[in-house]
Amino acid sequence: MSSSTGQSPGAALLVVDRLRKTYPLPGRGRLTAADDVSFSVPAGGSLGIVGESGSGKTTVARMLVGLVRPDAGTVTVDGRLRPPRARGKRARLARAREMQMVFQDPYVSLDPRLTAAQCLRTTLRLHGRDERQALALLERVGLGAREAGARPRELSGGQRQRLAIARALAVEPRVLVLDEAVAALDVSIQAQILQLLDTVRRDTGVALVFVSHDLAVVQHITDEVLVMRRGSVVEQGPTHRVLTEPAHAYTRLLLAAVPREGWDPRHAAAARA
C-alpha cells in the first residue's frame, strides 16, 4: 500500500461539519442522538470520540460511513463531499474506498463460509485489485498460513479483529472508522491491535476515527479527542491536554471513573452524584 497521501502536512483529510441526527420518540417528541458535531482529521492523524453509552458517539461513526443518514451537516473526504447515498456499483465502490469501518464484533460482518484468505481475495477482486495481495495483507496484520486457511469460527477474537482490519485495508481507504474495535479483547491483544493500527496509519497515511468508552485506549492511539454527552460535544482538543487537564466537568467525571493506583470506586460514585 502506498504511503503517499497527496496532501500537505497537517491538511485536513476528513472534515465533519455540524452533523445532526434525531430519532422520533412516540408521544414524546424527538431524541437528539447527535447535535452540531464538527471535527477534522489530517492524513495519518487519529481522532478519538469518547463518551458513555447513549452519548451519540456510535451514531456519529455510522453517519460517517453512511449507515445512518444525518438530518443535517456534511462529511468531506479529501476535499470531496460524501453524499448520503451512492448510486450505482462504481459509485458505491468508490465510496467504500474513501472510508471503511471496523466493528466491535467482527464475527457478524465476516462470511462464515470463507477462509481468511478467501475473504481478502473476494474484497480485492471486487475492487479490481491483485488477489495475490491477500497473503501479504494477512502477514501485515500478524496472521500467518494457518490463519489464512481458517474460517471465522476457527479464529480467536483477536485474530478475527485482525482479519477485519486487513479486509478494511485491502481497499486502501483514506479513512478508517473503528467502533469499540478492541473493547471485547483481552488487554494483551488490545495492545497488539493498537500497535498495529498505529503502525498502519504512520505507514499509509490513513486517518483513524476511534470510537471508544475506554479513555486508556484512546490515550494510546489518538492525537485529538472529542468528548460527547447526550449527543453534544462538551470538550475537544489534543488528547494529552484533555485527559490530563480537562476543562469540562463531564470529562473530569469520566476520568474519575477510570481505575488506577489508589482508585476508590466510592469517589467515582460521589463525583457522579
Side-chain angles (χ1 to χ4, degrees), residues 41 44-55 57-58 60-62 64-65 99-110 116 119-120 137-144 146-148 150 152-170 173 175-204 206-228 238-240 242-244 246 251 254-263 265 268:
V41 190
S46 181
L47 173 97
I49 304 178
V50 302
E52 297 173 297
S53 297
S55 63
K57 57 187 187 297
T58 292
V60 171
R62 289 176 173 268
L64 293 183
V65 298
M99 197 178 302
Q100 285 283 303
M101 187 168 185
V102 178
F103 298 90
Q104 178 176 351
D105 181 6
Y107 191 79
V108 298
S109 66
L110 297 172
C119 171
L120 295 189
L137 279 164
L138 289 173
E139 183 179 351
R140 183 176 185 82
V141 299
L143 298 177
R146 189 196 73 78
E147 292 83 11
R153 67 176 181 276
E154 300 166 326
L155 299 172
S156 69
Q159 289 169 337
R160 286 196 292 266
Q161 198 62 286
R162 288 173 184 268
L163 174 58
I165 293 170
R167 183 180 60 178
L169 295 176
V175 180
L176 190 58
V177 180
L178 303 111
D179 186 10
E180 300 284 9
V182 298
L185 304 178
D186 293 338
V187 173
S188 60
I189 304 300
Q190 281 188 3
Q192 294 173 16
I193 298 294
L194 293 176
Q195 181 60 49
L196 165 65
L197 291 169
D198 194 48
T199 299
V200 165
R201 70 164 174 134
R202 296 181 189 281
D203 288 349
T204 68
V206 65
L208 303 181
V209 177
F210 208 96
V211 177
S212 179
H213 68 279
D214 191 331
L215 296 182
V217 166
V218 169
Q219 184 175 12
H220 287 292
I221 193 65
T222 65
D223 308 315
E224 302 272 330
V225 66
L226 179 151
V227 183
M228 292 191 67
T239 301
H240 178 74
V242 171
L243 297 187
T244 57
T251 309
L254 293 179
L255 289 167
V258 177
R260 56 193 177 277
E261 185 177 355
W263 180 76

If every non-hydrogen atom of Leu176 is compared with every non-hydrogen atom of Ala168, which pair is closest and at what distance? CD1-CB, 3.6 Å
Side-chain contact test, heavy atoms from C-beta onward, threshold under 4.5 Å: evaluate it for Lys57 versus Val50 and give yes or no. no
Considering only heavy atoms from C-beta outward, does the side chain of Leu178 approach that of Met101 to under 4.5 Å? no
What one should report as the nearest heavy-atom pair of Leu254 and Gly51 is CD1-CA, 4.4 Å
Please test Val200 against Leu197 for side-chain contact (heavy atoms from CB on, under 4.5 Å), starting from the C-alpha separation and ending with a verdict. CA-CA 5 Å; Val200 165; Leu197 291 169; 5.6 Å; no
Answer whether the closest heavy-atom distance between the side chains of Met99 and Leu64 falls below 4.5 Å. yes
Review item, side-chain donor-acceptor pairs of residues 210-218, under 3.5 Å, at least two apart:
{"residue": "Ser212", "atom": "OG", "partner": "Asp214", "partner atom": "N", "Å": "2.9"}
{"residue": "His213", "atom": "ND1", "partner": "Glu180", "partner atom": "OE1", "Å": "3.1"}
{"residue": "His213", "atom": "ND1", "partner": "Glu180", "partner atom": "OE2", "Å": "3.0"}
{"residue": "Asp214", "atom": "OD1", "partner": "Ala216", "partner atom": "N", "Å": "3.0"}
{"residue": "Asp214", "atom": "OD1", "partner": "Val217", "partner atom": "N", "Å": "3.3"}

Euclidean distance, Arg153 CZ relative to Leu110 CG, rounded to 0.5 Å: 12.5 Å
With sequence neighbours left out, what residues match Asp223 under salt bridge (Lys or Arg N to Asp or Glu O under 4.0 Å)? Arg201
For side-chain contact (heavy atoms from CB on, under 4.5 Å), just list the numbers for Val102 and Asp179, CA-CA rounded to whole Å, side-chain angles, deciding distance to a tenth of an Å, and then say yes or no. CA-CA 6 Å; Val102 178; Asp179 186 10; over 6 Å; no
So CG of Leu143 and CG of Leu137: to nearest 0.5 Å the spacing works out to 10.5 Å
Walk me through whether Val177 and Gln100 qualify under side-chain contact (heavy atoms from CB on, under 4.5 Å). CA-CA 6 Å; Val177 180; Gln100 285 283 303; over 6 Å; no
Working note: Leu208 + Leu47, criterion side-chain contact (heavy atoms from CB on, under 4.5 Å); need CA distance, chi angles, decisive distance, verdict. CA-CA 6 Å; Leu208 303 181; Leu47 173 97; over 6 Å; no
Side-chain donor-acceptor pairs of residues 157-164 under 3.5 Å, sequence neighbours excluded:
{"residue": "Gln159", "atom": "OE1", "partner": "Ser156", "partner atom": "N", "Å": "2.9"}
{"residue": "Gln159", "atom": "OE1", "partner": "Ser156", "partner atom": "OG", "Å": "3.4"}
{"residue": "Gln159", "atom": "NE2", "partner": "Glu147", "partner atom": "OE2", "Å": "3.3"}
{"residue": "Arg160", "atom": "NH1", "partner": "Pro152", "partner atom": "O", "Å": "3.1"}
{"residue": "Arg160", "atom": "NH1", "partner": "Leu155", "partner atom": "O", "Å": "2.7"}
{"residue": "Gln161", "atom": "NE2", "partner": "Phe103", "partner atom": "O", "Å": "3.2"}
{"residue": "Gln161", "atom": "NE2", "partner": "Gln104", "partner atom": "O", "Å": "3.4"}
{"residue": "Gln161", "atom": "NE2", "partner": "Ala181", "partner atom": "O", "Å": "2.5"}
{"residue": "Arg162", "atom": "NH1", "partner": "Val141", "partner atom": "O", "Å": "2.6"}
{"residue": "Arg162", "atom": "NH2", "partner": "Gln192", "partner atom": "OE1", "Å": "2.8"}

Go through the structure and list residues passing side-chain contact (heavy atoms from CB on, under 4.5 Å) with Gln195, not counting sequence neighbours. Thr199
Can you tell me how far apart CD (Gln219) and CG (Leu255) are? Round to the nearest 0.5 Å. 9.0 Å
Quick check on Glu154: does its CD atom have over 12 non-hydrogen neighbours (other residues, nucleotides or ligands) under 6.0 Å away? yes
Tightest non-hydrogen contact, residues Val182 and Gln190, listed as O-NE2, 2.9 Å
Search all heavy atoms of Gly48 against all heavy atoms of Thr222 and return the closest pair with its distance. N-CG2, 3.4 Å
Mind checking the CD1-CG spacing from Ile193 to Asp198? Nearest 0.5 Å is all I need. 13.0 Å
Answer yes or no: is there a side-chain heavy-atom contact under 4.5 Å between Val41 and Ser46? no
